[in-house]
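This report concerns only the one structure given below.
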Amino acid sequence: MEVFNIIDLEIHGDNRGSLISVESFTEYCPFEIKRVYYIFDTKCDVVRGEHAHRNLKQLVICISGNCDFILDNGVEREIIKLNTPSKAILIKDMVWREMTSFSDNCVLMVIASDFYNTNDYIYDYGEYLREVKKLKGEKV
Ligand code: T46
């Protein structure tokens, strides 16, 4: 799917442990970082997300534990298991996302290209599909 990339982040490790840094305007984070938030204490079987963003890029990293990240471009759906802090998903605009199967210790960190804006969210899957079709120039 072209709407996201899986990235192996560089680990700076030595005998004291490991460190990963994320910077703006890099190959893996091609935007200015304007917001960071993290999701934790989520019950295993809940489903979070269930929306798309019209104009927001995000880099998602599971910095502790594991969870499933589901990405949907309106045609196909992929489930990505996030289970290491060295793997990131770069999610582009107009991607439907859902997160589930959270482990007890799961901490999902999200680095975003813009400030929090509720107007950017599409919460209705039917509306999401209509907007995807419009963007492709298809009849809705
Ligand atoms: C996304 C996925 C991966 C804020 O006040 N500021 C913020 O920056 C965010 C992201 C949320 N909130 C408030 C709004 C809600 O009252 O925090 C509460 C939970 O947010 P939400 O229900 O949107 O959480 P998720 O886990 O469903 O979705 C979040 C992001 O909102 C979304 O952009 O891509 O994580």
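- The pair Lys87-Asp8 fails the salt-bridge criterion, with no side-chain N (NZ, NE, NH1 or NH2) lying under 4.0 Å from an Asp/Glu carboxylate O.
- Both Met99 and Val46 are assigned to one and the same hydrophobic cluster, defined by single-linkage of ILVMFWY side chains at heavy-atom distances under 4.5 Å.
- Of the inter-residue distances, the one linking Leu82 atom CG with Ser103 atom OG reads 11.0 Å to the nearest 0.5 angstrom.
- Counting Ile, Leu, Val, Met, Phe, Trp and Tyr side chains that sit under 4.5 Å apart, directly or through other members, Tyr116 shares a hydrophobic cluster with Tyr121, Tyr123.
- You'll find the side chain of Leu90 stays beyond 4.5 Å of the side chain of Tyr28, heavy atoms only.
- Applying the 6.0 Å contact sphere to CG of Asp14 captures more than 12 heavy atoms from other residues, nucleotides or ligands.
- Under a hydrophobic-cluster definition in which Ile, Leu, Val, Met, Phe, Trp and Tyr are linked whenever side-chain heavy atoms come within less than 4.5 Å, directly or via other members, Ile91 and Leu135 are assigned to different clusters.
- Here side chain to side chain donor-acceptor pair (under 3.5 Å) pairs that include residues 129-139, with residues two or more places apart or in two chains, are Arg54-Glu131, Glu127-Arg130.
- For the side-chain contact (heavy atoms from CB on, under 4.5 Å) test with Lys92, the passing option among Asn73, Asn5, Leu56 is Asn5; the others fail.
- The shortest heavy-atom contact between Leu108 and Phe102 is CD2-CE2, 4.4 Å.
- Annotation: the span from Thr26 atom OG1 to Leu59 atom CG amounts to 8.0 Å, rounded to 0.5 Å.
- Tyr128 meets the ring pair (Phe, Tyr, Trp, His ring centres under 6.0 Å) test with Trp96, Tyr125; sequence neighbours excluded.
- Between Ile122 and Met94, some side-chain heavy-atom pair lies under the 4.5 Å cut-off.
- Other residues, nucleotides and ligands place no more than 12 heavy atoms under 6.0 Å from the CD1 atom of Ile79.
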Donor-acceptor contacts, no H, no angles, side chain residues 29-44, under 3.5 Å, sequence neighbours left out:
from  : atom 1 : to     : atom 2 : distance (Å)
Arg35 : NE     : Asp114 : O      : 2.9
Arg35 : NH2    : Asp114 : O      : 3.4
Tyr37 : OH     : Gln58  : NE2    : 2.8

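- Here Val47 is tied to no hydrophobic group at all, with no ILVMFWY side chain closer than 4.5 Å.
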Less than 3.5 Å apart, which donor and acceptor atoms pair up between the side chains of residues 63-71 and the rest of the protein, not counting sequence neighbours?
from  : atom 1 : to     : atom 2 : distance (Å)
Ser64 : OG     : Asn105 : O      : 2.7
Asp68 : OD1    : Lys81  : NZ     : 3.1

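- If you take CG on Leu19 and CD on Glu10, they are separated by 10.5 Å, rounding to the nearest 0.5 Å.
- Atoms CD1 and CD1, from Ile61 and Ile7 in turn, are 8.5 Å apart once rounded to the nearest 0.5 Å.
- Cluster annotation: Val107 and Val110 are assigned to distinct hydrophobic clusters (Ile/Leu/Val/Met/Phe/Trp/Tyr, side-chain heavy-atom contacts under 4.5 Å, transitive).
- With rounding to the nearest 0.5 Å, the separation of CZ in Arg97 from CD1 in Ile89 is 10.0 Å.
- In this structure, CZ in Arg48 is found 11.0 Å from OG1 in Thr100, a value given to the nearest 0.5 Å.
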